[in-house]
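Keep in mind it's a predicted model, so treat the numbers as computed, not measured. One-based numbering, in listed order, for ligands and for the atoms of each.
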Amino acid sequence: MKIKKAVIPAAGLGTRVLPASKAMPKEMLPIVDKPAIQYIVEEAARSGIEDILIILSRGKGVVADHFDRSPELEQHLLKGQKDAMYETVSEISKLANISYVRQVEMKGLGHAVLCAESFVGGEPFAVLYGDDVIIGEDPATAQLTRAYEAYGLGCAGIKEVSPEAILKYSSMKVAPLEGNWYKITDMIEKPAPDQIMSLFSILGRCVLPPEIFDILRDTPPGAGGELQLTDAMKTLARTKGMVGVDYTGKRYDMGNKLGILQASIEVGLNHPEVGEGLRAYLKELAKTL
Ligand code: UTP
C-alpha cells in the first residue's frame, strides 16, 4: 500500500534552544534561507506524500502562515520583476495539501501523534519529527515507505550514534535483514548504560500502521513524564516486529544549538549563492582557531 499521508509534530516547547524558541517556533529557525520545517515538507513531497498534518501549539501559527499564499508579497515581487524569487515564494504554498491541528497540552511526541488519529483515518502514515532535517539525494521518508511496502511492518529510520549519545536517545535490538534494513524486535528510550541493546537509535522518521493509536492509548507516560512514541513503537516491535532503515542522508538536529550551527555551516557551504564566500571565510577563520 502506498503511503500518502504524513504527520509532522511541531508543537514542542523547544526548551533546549531557548531563548531563540520563546516566540519563534524552533521548527521555523532557518538553515541559511529556509525554515527547518520547509526542508521537512519538501522531503515529504519528494517522497510521494500528498497530505500532511502539522501538529502545532499556541504561538506557532507562523508555521501555517509560511505555507499559505502571500498575495501582497507575490504581487510586489512580480511588479519588481523579481521572477525567480516570486517562483520560490509562490511554490511554497503548492508543496502539498497541508492541514493543522493544535496539541493543547504538550504531553510528548506520542501524545502529539495521537492528535493525528482522525486525519490518518485507518491508513499507514509517515511521521517526520519537526526538528529533524535530513538532507540527501534519496529522501529519507521515501526510503522508509519502500521498506513498509516490502514488509508491511512499521518502519523506523535508524542511525548508529556514539555510546555517549545513545543515553539521550533510544537503543534498538536489531538483526540484519538485507542491505541497510534491519529487523527490530525491541527498543528502549533513554537507556541506562547496562540497558543498551545496540548503538542504533531512531532518528527523526518512522512509518506506522494505524494500530499505533490503540497502542498509544494503552501506553503509560514514560521518560520525563511524557507519552513517548518510542514506548508505543516498543510494543509494536515486541509483538509484530518493526523494520529499521539505516537511511542515507545527513541528519541535522534543529532541537539543539550545536545542531543548528552545523546545519547552517554544512548547508551554507553547498549553497549556490553563499557557498563560495562562506568557504573562503571559514578557511581564514580556521587559521585563527
Ligand atoms: P522534542 O522532544 O525534541 O521536542 O520532540 P521538545 O519537547 O520541543 O524539546 P525540548 O526538550 O523542550 O527542547 C521532537 C519533535 O516533536 C514535537 C517537537 O515540536 C519536535 O518537533 N513535539 C514534542 C510535539 O509536537 N509535542 C510534544 O508534546 C513534544
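With hydrogens and angles ignored, the 3.5 Å screen pairs a side-chain donor or acceptor of Ser57 with a backbone N or O of Ala11. With hydrogens and angles ignored, the 3.5 Å screen pairs a side-chain donor or acceptor of Gln143 with a backbone N or O of Thr248. Under a 3.5 Å cut-off, the side chain of Ser171 and the backbone N or O of Met197 do form a donor-acceptor pair. With hydrogens and angles disregarded, no donor-acceptor distance shorter than 3.5 Å links the side chain of Tyr129 to the backbone of Ala10.
Under 4.0 Å from ligand 1, not a single heavy atom of Ile55 appears. When heavy-atom distances to ligand 1 are checked against a 4.0 Å cut-off, Pro9 comes that close through both its backbone and its side chain. The proximity of Lys26 to ligand 1, defined as any non-hydrogen pair under 4.0 Å, is limited to the side chain. Contacts between Glu27 and ligand 1, counted as non-hydrogen atom pairs separated by less than 4.0 Å, involve the side chain only.
From the protein, the heavy atom lying nearest to atom 15 (C) of ligand 1 is Asp131 OD1, 3.8 Å. Counting only heavy atoms of the protein, atom 16 (O) of ligand 1 lies nearest to Leu109 CD1, 3.3 Å. The protein non-hydrogen atom at the shortest distance from atom 23 (C) of ligand 1 is Gly12 CA, 3.8 Å.
Using a 3.5 Å distance cut-off with no hydrogens or angles, the side chains of Glu74 and Ser90 do not pair a donor with an acceptor. For the 3.5 Å distance criterion, the side chains of Glu266 and Gln262 fail to qualify, holding no donor opposite an acceptor. At a cut-off of 3.5 Å, with distance as the only test, no side-chain donor of Glu226 or His111 sits close to an acceptor on the other residue.
Across Thr141, Asn180, Ile134, a single residue satisfies side chain to side chain contact (heavy atoms under 4.5 Å, CB included) together with Tyr247, and that is Ile134.
Ligand 1 places these atoms under 4.0 Å from at least one heavy atom of Met106: 28 (O). For ligand 1 and Gly130, the ligand atoms under 4.0 Å from any heavy atom of the residue are 21 (O). Within the listing of ligand 1, atoms 24 (C), 25 (O), 26 (N) sit less than 4.0 angstrom from a heavy atom of Ala112.
When the options Gly14, Ala11, Gly108 are ranked by their closest heavy atom to atom 27 (C) of ligand 1, first place goes to Gly108. The closest heavy-atom contact to atom 26 (N) of ligand 1, among the options Gln103, Glu226, Arg16, comes from Gln103.
The distance criterion of under 3.5 Å between nitrogen or oxygen atoms is met by Thr15 with respect to ligand 1. For ligand 1, the polar-atom distance check finds no N/O of Val17 at less than 3.5 Å from any of the ligand's N/O atoms. Close N/O approach between Gly255 and ligand 1 is not found [any backbone or side-chain N/O within under 3.5 Å].
Note: Trp181 and Tyr151 have perpendicular aromatic rings, judged against thresholds of 30 and 60 degrees for the angle between ring planes.
How far OG1 of Thr15 is from NZ of Lys26: 7.5 Å, rounded to the nearest 0.5 Å.
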